[in-house]
Amino acid sequence: MNEYTNAEHLRPVIYVDPEKCCNCHRCISVCPVKMCNDGSGDHVSINHDLCIGCGTCIDACVHGARSGIDDLENFLFDLKTGSSIVAIVAPAVAVNFKGKELELNGWLKSIGVKAVFDVSFGAELTTKSYVEEIKKENPSIMISQPCPALVSYIEIYKPQLIKYLAKADSPMAHTIECIRNFYPAYRDCKVAAISPCFAKRREFDENGRGDYNVTMRNLDIMFNEKGIDLSKFPKVSYDNPPAERAVLYSTPGGLMRTAERFVPGISSKTRKIEGQPAVFEYLSGLDRLLASGGKPYYQLVDCLNCEKGCNRGGGTTSSNMPLDELEALVENRARKRQEQWNTSGRKISKFALKKLDKTINACWKAGIYERKYRDRSDLKQKFIKIPTQEELKQIYSSMEKHSKKDFYDCCACGYAGCKEMAVAIFNGLNRRENCHHYVMALANQDHEKEIREAINGITEAVRSGSVALQSNVRDLQEIRDMNMLTIKGIRDLNTKIDGIWNIVGIINSVADQTKIIAFNAELEASSSGEAGKNFHIVATEIRRLSDTIIDSINEIKVVIDEIQHASDSLIMDSEKGTLKIDASCENAKSLEKGFGSIMASSDDAENKSSGIKSYAEKVSSSGNKIASSIQQIVHGIEEFSNNTADFSKSQ
């Protein structure tokens, strides 16, 4: 007896290393019962009371975060401290220690194991127990129970099927009970099972048989770590009789093929089913069929959790072995055993059959190999609550699932669908952040938030730009008004210049007349002798002054002509500038409309988050138009400024 015998809680058989687990949910995706996993934290932990111990998650975990728990350490320690222990070896040894199963026996004997028994012979006893039950009770259906993971599944999740489980215990239990009853020399020894399954520990807890569950996987790891080479140990035969075809028990259909020898034709009444999810779908369907009063087609169900049977159980080393090689090892071993018993497949002589039956019957006794099962459905009810439709609706809403299109059922979370994920969240076994749809919805919301913030920034910039634009429009109007005044002033100046031309003409005419008068005066003074000498001097100076005036008048004409030409050019340029200023004003009005459109779009976008992208494109388009218009305004103002500066320099 141990602390878990008849205990309310189940023994942990799977270990999770929180440091290695990255919460990827790969383990949940392969787990047949899902809700034993808690993915709500930073790693996926296990509720051992809901775990069936199948070990599927161990190989599925690529991070090495999950490993199986067995009794190897306790087994070795107790051997060293003097405990009397015998070992029983499961049929899967043929695959996991290929060609060295007898050398394994030699190693076991070398470390102090008293005797080694082949569980295959226990499988022969199990088959007889099954056949006897069928003959005696003729049940409508009997579910085989060599697989402890399936037994736990039925006890916890499908308790209605418990009454259909075979009353006979497993091949390992038969082997242990055979030792207790028919091998008195080892009756009081502890028993270590060399097994392919971590869940076997649960079976020993429940049936009280078996003291150590030592998995082939952990044995192999220890051999590699310590450099133990089995080929260096002697071949040692088992201490119990050899089995015939029951060595096939580790292979799917092994029970059925063994039972065929006992009851020819029973294969036609046997359902062979194994592997995930097929076996769980079958058991669930069988549960519904029987609950509805239906009748199953097959009488015997030969079922195993692992797809390749116990040969690739959770506690084995053969997960990467090619299937043909695996099956060849098992079939060759069965062929040798059949030859040993002088049998061949379905054909067996009466003498060989009598001899085999006598050997089996010598170790079989009615009643000693039976077991009872325990309804553990209270564990499921204790830990898993089913939400109401209203509660489910609230969970879906929190997961951003508001319409049919939001229910992906993508299984990325590891569950069978959105509803199962919601149930896990409801029970605190997961969180919405592990939902693919929810993560994508948050990402889209964050993206829309960024766009909305960008639109708000643009809107604010547009408001500022609108104020600046209105100021620019006023400045442009003032420039236009000043330009018009300048043009008017230049035209007035031209009018005055025309008056100057008249004055210049008069002065020029007076100068010409004065020059003529001075010339005549000089002639008169010359004829007057000494008396007209002074008058001659005056007349000469007057004529010279007239020439100077005429020369100055000619220079003034040139300057006036240049001024008129410059003013005419300035008027033309100013008129062009006025036209460009008018065009700039029109652009400014267009800008005001563009700014208004942007602000209207951004305001509308606040109320229509689904159209944010469309509005963002409108904003971008309007922004490009604004930039182009502003460039035109700047160019017009610069050109006008350059023309005005050139005129100022010419003055």
Above 12 or not: heavy atoms from other molecules or residues under 6.0 Å from NZ of K269?
no
What I want to check is whether the side chains of T316 and N311 have a donor and an acceptor closer together than 3.5 Å.
no
Are a donor atom and an acceptor atom from the side chains of N430 and Y415 found within less than 3.5 Å of each other?
yes
Worked check of salt bridge (Lys or Arg N to Asp or Glu O under 4.0 Å) between R217 and D59
CA-CA 12 Å; R217 178 193 287 255; D59 285 331; 2.9 Å; yes
In Å, rounded to the nearest 0.5 Å, how long is the span from CD of E73 to CG of N218?
10.5 Å
So CD of Q299 and CZ of R271: to nearest 0.5 Å the spacing works out to 14.5 Å
I want to check something: taking the side chain as every heavy atom from C-beta on, are F121 and C363 in contact at a cut-off of under 4.5 Å?
yes
Checking the side chain of N240 only, and the main-chain atoms of D118 only, is there a donor and an acceptor separated by less than 3.5 Å?
yes
Are E339 and R335 within salt-bridge range, i.e. N to O under 4.0 Å?
yes
State which residues pass side chain to side chain donor-acceptor pair (under 3.5 Å) with R11; sequence neighbours excluded, sorted by chain then number.
N2, D205
Heavy atoms, side chains only, cut-off 4.5 Å: are F223 and L104 in contact?
yes
Please tell me if the side chains of P91 and R333 come closer than 4.5 Å, counting only heavy atoms from C-beta onward.
yes
Quick one about S195 and N213 (side-chain donor to acceptor, distance below 3.5 Å, no hydrogens or angles considered), yes or no?
yes
Report yes or no: do T127 and Y249 form a side-chain donor-acceptor pair below 3.5 Å?
yes
Are C178 and Y183 close enough, and set up right, to give a side-chain contact (heavy atoms from CB on, under 4.5 Å), and what steps lead you there?
CA-CA 7 Å; C178 178; Y183 290 85; 3.9 Å; yes
Salt bridge (Lys or Arg N to Asp or Glu O under 4.0 Å), that's the test. Do D239 and K109 meet it? Break it down for me.
CA-CA 11 Å; D239 291 286; K109 291 286 185 75; 3.5 Å; yes
Would you say the side chain of C51 lies within less than 4.5 Å of the side chain of R202, judging by non-hydrogen atoms?
yes
Measuring only between side-chain heavy atoms, which start at C-beta, is N105 closer than 4.5 Å to F233?
no
Is it the case that the side chain of W341 and the backbone of R245 share a donor-acceptor pair, with hydrogens and angles ignored and the cut-off at 3.5 Å?
no
Validation: residues 285-292 side-chain donor-acceptor distances under 3.5 Å, sequence neighbours left out:
from : atom 1 : to   : atom 2 : distance (Å)
S292 : OG     : R288 : O      : 3.1
S292 : OG     : L289 : O      : 2.8

Using atom types as modelled and distance alone, determine if a side-chain donor or acceptor of D70 lies under 3.5 Å from a backbone N or O of L72.
yes
Checking the side chain of N96 only, and the main-chain atoms of T317 only, is there a donor and an acceptor separated by less than 3.5 Å?
yes
What pair of heavy atoms forms the shortest contact from N207 to A173, and how long is it?
ND2-CB, 3.9 Å
For Q276 and F280, what are the C-alpha separation, side-chain angles and deciding distance, and is it a side-chain contact (heavy atoms from CB on, under 4.5 Å)?
CA-CA 7 Å; Q276 300 180 16; F280 295 99; 3.4 Å; yes
Close side-chain approach of T359 to E124, heavy-atom, < 4.5 Å:
no
Any idea which heavy atoms bring P146 and K200 closest together, and the distance?
O-NZ, 3.3 Å
Got T251 and E327 here, is their nearest side-chain heavy-atom distance under 4.5 Å?
no
From K308 atom NZ to S250 atom OG, the distance as rounded to the nearest 0.5 Å
13.5 Å
Derivation of the salt bridge (Lys or Arg N to Asp or Glu O under 4.0 Å) call for K34 and E420:
CA-CA 9 Å; K34 310 295 185 189; E420 195 170 37; 5.5 Å; no
Of the non-hydrogen atoms in N305 and C54, which two are nearest, and what is the gap between them?
ND2-CB, 3.4 Å
Roughly how far apart are I368 CD1 and S129 OG, rounded to 0.5 Å?
8.0 Å
Greater than 12 external heavy atoms within 6.0 Å of K128's NZ
yes
If every non-hydrogen atom of R261 is compared with every non-hydrogen atom of P264, which pair is closest and at what distance?
O-CD, 4.3 Å
Evaluate the ring planes of Y369 and H174, with Trp represented by its six-membered ring, and classify them as parallel (under 30°), tilted (30 to 60°) or perpendicular (over 60°).
parallel
Checking K382 against N47 for the side-chain contact (heavy atoms from CB on, under 4.5 Å) test, could you report, in this order, the C-alpha distance in whole Å, the side-chain angles of both residues, the deciding distance, and whether it holds?
CA-CA 12 Å; K382 176 181 178 181; N47 181 338; over 6 Å; no
Indicate yes or no: does E274 engage R312 in a salt bridge with an N to O separation below 4.0 Å.
no
Expected output: side-chain D211 to main-chain A192 donor-acceptor under 3.5 Å
no
Working note: F204 + V191, criterion side-chain contact (heavy atoms from CB on, under 4.5 Å); need CA distance, chi angles, decisive distance, verdict.
CA-CA 10 Å; F204 297 161; V191 179; over 6 Å; no
How close do V16 and V44 get, counting heavy atoms only, and between which atoms?
CG1-O, 3.4 Å
Salt bridge or not for E177 and R180, using N-O below 4.0 Å?
no
Count the heavy atoms of every other residue, nucleotide or ligand shown that sit under 6.0 Å from CG of D229, and state whether that count exceeds 12.
yes
Under a 4.0 Å N-O cut-off, is there an ion pair linking R371 with E206?
yes
Option among Q145, E137, E133 that satisfies the side chain to side chain donor-acceptor pair (under 3.5 Å) test with K167:
E137
Here the gap from F75 atom CZ to K190 atom NZ, rounded to the nearest 0.5 Å, amounts to 11.5 Å
Kindly indicate whether the side chain of E331, heavy atoms from C-beta on, has any atom under 4.5 Å from the side chain of L248.
yes
Locate the shortest heavy-atom distance separating G314 from I58; write the atom from each residue and the value.
O-CD1, 4.4 Å
Counting only N and O atoms by type, is there a donor-acceptor contact under 3.5 Å from the side chain of S144 to the main-chain atoms of C303?
yes
Working to the nearest 0.5 angstrom, can you tell me the gap between L230 CG and E101 CD?
11.5 Å
